[in-house]
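Let me begin by presenting the structure, written as structure tokens, before commenting on it.
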Amino acid sequence: MENTLYIALSRQEALRRQVDVMANNVANMNTTGFKAQRMLFLEYLEQPDRQQDSMSFVQDFGLMRNVAPGPLMVTDNPLDVALRDRGYFAVETFAGPRYTRGGSFQMNADRELVDGNGLPVLSDQDARIIIPAAAQHVTITGNGTVMTEEGEVARMKVVTFADEQRMETLGGGLYATAQEPEVLENPQVAQGAIEGSNVQPVVEMTQMMEVVRQYQNTQKMIDGEHERIRTALQKLSRVQ
Amino acid sequence: MRSLSIGATGMLAQQLNVETISNNIANMTTTGFKRQRAEFQDLLYQNMRRVGSTSSDAGTVVPAGVQVGAGVKAAAVYRINEQGNITPTGNVLDVAINGQGFFQVELPNGETAYTRAGSFQLNAEGTIVTADGYNVQPGIVIPQNAVDITINPNGEVLVKLDGQVEPQNVGQLQLAVFPNPVGLEAVGDNLLLETPASGQALAGNPGEPGVGRLMQQALETSNVNIVSEITSLISAQRAYEMNSRVISTSDQMMQSVTNLR
């Protein structure tokens with residue numbers, strides 16, 4: 001008899017997590033290279049005792065990352081790079097390579113090209129990219145080759161993966177995956193710009209309004225159900 | 001409600017963004033000022049259903065996991081060391097740097113600070129000092145009877161003494177260059193200090209490879225682009241509002257729970 005409540009509760013739980021995901025999208029609307037996430041829902045069918053009608057619960061079974069490129073924002077910083085199309089830059093961590101689209105790179109005191117977390121950016125030879133000491137101007141060409149007036153330094157490793165949805169988000173703009181990286185032959189690298197987040201605030205806002213209403217509707221349903229059970233109990237006890 | 005605290009991280013981030021932008025705007029006419037940009041990163045994620053986990057004994061892999069993020073954090077506020085415009089001033093002791101490099105300034109405590117603001121003056125002893133009266137290294141003294149001062153693009157300070165025809169070399173201005181000038185620490189008053197992130201200062205004469213050239217009777221203006229700052233300010237304000245909207249939405253959801261009988 002309480003199944004109505006449990007089904008409604010499963011809906012509310014899922015809606016609440018959906019708001020969490022949307023809140024994270026909105027919070028990251030100015031985060032370099034951030035990709036908006038969307039919750040996927042699944043009907044979870046159950047037929048108790050194999051006799052009654054089947055019941056369908058809601059389950060949030062996955063998150064899809066919108067992998068569409070974000071808008072390019074010009075910063076005029078020579079070490080800022082944006083990927084115009086697909087791909088990820090590879091950076092070196094203690095735990096192995098990690099991948100990122102946040103191209104706000106800098107030079108550390110050893111003149112290595114590092115990302116915003118200070119992790120060294122890898123070249124297509126899986127080596128760190130070191131800018132020569134005498135170089136004054138760093139140019140990064142459209143295919144990710146790092147040049148100075150002294151000549152070519154290295155080419156950035158830009159990779160993609162068979163299933164981008166199966167990359168684990170680590171925070172700090174980093175992704176990890178066990179998949180084999182596929183090196184992109186012709187990446188589209190833009191210098192002096194960074195990729196903005198692809199969150200569409202208007203979409204997030206309207207969906208959030210929708211979710212809140214759905215949450216309240218479910219609440220009303222729970223209220224109604226509660227009322228129904230109470231009246232039933234009162235009336236039944238009166239007959240007796 | 002997780003979304004409540006996520007919205008709060010968003011508001012804090014945008015607040016920092018507005019603070020950075022307003023500091024840029026406040027310094028739009030500060031000599032040699034370099035604009036700053038706040039850079040954000042997503043916070044940690046909580047795995048509710050791990051990416052790549054299996055959903056059956058047959059080894060079916062979940063197409064996408066459920067990872068809920070915890071919001072946003074400020075990753076860095078970095079300086080954009082783009083060359084500022086060079087404006088002529090007509091003042092003989094105004095020197096602008098065209099290219100990389102910083103003037104070296106001796107602070108009262110003996111430390112060396114670095115600056116791009118070349119609005120120099122003479123003190124009572126005739127030494128070239130900054131607007132705050134700190135010695136510009138190496139201390140160059142202009143003789144009392146000098147009638148004309150020339151600072152050439154290579155940093156040589158030449159003075160013409162009263163009654164003499166040939167200019168006389170009284171010193172050489174040097175510039176310091178850093179492996180990573182973005183890593184310098186700003187301490188206000190147009191001064192920057194060396195840090196482990198910036199690397200060691202390397203002194204060089206202006207005009208050498210990698211060291212900028214000097215331009216006398218001119219100053220480097222700030223590189224703040226007011227139009228882009230104002231547009232960033234507007235978008236930061238809107239982002240702030242939207243994050244506060246997230247908080248009020250979470251509040252509405254919590255309220256409807258509270259009203260549950």
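For A:N30, the parts lying under 4.5 angstrom from a heavy atom of chain B are both the backbone and the side chain. Both the backbone and the side chain of B:Q100 come within less than 4.5 Å of a heavy atom of chain A. With a 4.5 Å cut-off on non-hydrogen atoms, A:M107 touches chain B through its backbone and its side chain both. No part of A:T177 comes within reach of chain B, as not one of its non-hydrogen atoms sits under 4.5 angstrom from that chain. Both the backbone and the side chain of A:N117 come within less than 4.5 Å of a heavy atom in chain B. For a residue to count as touching a neighbouring chain, one of its non-hydrogen atoms must lie under 4.5 Å from one of that chain's; by this rule A:Q37 touches chain B with the side chain only. Neither the backbone nor the side chain of A:L79 comes within contact range of chain B, judged by heavy atoms closer than 4.5 Å. Interface remark: A:M29 contributes side-chain atoms only to the contact with chain B (heavy atom separation under 4.5 Å). Proximity to chain A (any heavy atom under 4.5 Å) is restricted, for B:A70, to the backbone atoms N, CA, C and O. Contacts between B:N81 and chain A at a heavy-atom distance below 4.5 Å are absent for every atom of the residue. Neither the backbone nor the side chain of B:Q200 comes within less than 4.5 Å of any heavy atom of chain A. Interface remark: B:R2 contributes backbone and side-chain atoms alike to the contact with chain A (heavy atom separation under 4.5 Å). Heavy-atom distances place no part of A:M22 under 4.5 Å from chain B, backbone and side chain included. Looking at B:A197, the atoms closer than 4.5 Å to chain A (heavy atoms on both sides) all sit in the backbone: N, CA, C or O. For a residue to count as touching a neighbouring chain, one of its non-hydrogen atoms must lie under 4.5 Å from one of that chain's; by this rule B:P181 does not touch chain A.
At a cut-off of 3.5 Å, with distance as the only test, a side-chain donor of A:T32 or B:E39 sits close to an acceptor on the other residue.
Once rounded to the nearest 0.5 Å, the distance linking OG of A:S104 with OH of B:Y78 reads 5.0 Å. Remark: B:Q255 CD to A:Q216 CD distance equals 8.5 Å, nearest 0.5 Å. If you take CZ on B:R37 and CE on A:M73, they are separated by 5.5 Å, rounding to the nearest 0.5 Å. With values rounded to the nearest 0.5 angstrom, B:N180 atom CG is found 6.5 Å from A:Q106 atom CD. If you take CG on A:N25 and CG on B:D42, they are separated by 10.5 Å, rounding to the nearest 0.5 Å. Rounding to the nearest 0.5 Å gives a distance of 6.5 Å between CD1 of B:I80 and CG of A:D80.
Shortest non-hydrogen contact noted between B:S3 and A:A23 is CB-CB, 3.6 Å. Here the shortest heavy-atom pairing between A:L170 and B:Y45 reads C-CD1, 4.1 Å.
Residues B:V72 and A:F34 are not in side-chain contact: their nearest non-hydrogen atoms beyond the backbone lie 4.5 Å or more apart. Looking at A:R213 and B:Q252, their side chains come closer than 4.5 Å, going by heavy atoms from C-beta outward. A:M205 places none of its side-chain heavy atoms less than 4.5 Å from the side chain of B:T249.
Within a 6.0 Å sphere centred on CZ of A:R86, other residues, nucleotides and ligands contribute 12 heavy atoms or fewer. Open room surrounds CE on A:M209; 12 or fewer heavy atoms of other groups in view lie less than 6.0 Å from it.
Of the residues considered (A:N77, A:V74, A:V21), A:N77 shows the highest number of contacts with chain B, using heavy-atom pairs under 4.5 Å. For the set A:G102, A:G33, A:P201, the entry with the most heavy-atom pairs within less than 4.5 Å of chain B is A:P201.
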Practice prompt. Go through the steps to decide whether A:M208 and B:R245 satisfy the test side chain to side chain contact (heavy atoms under 4.5 Å, CB included), and finish with yes or no.
Written response: CA-CA 9 Å; A:M208 192 168 293; B:R245 189 63 195 265; 5.8 Å; no
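Using modelled atom types, no side-chain atom of B:Q41 and backbone atom of A:T31 make a donor-acceptor pair closer than 3.5 Å.
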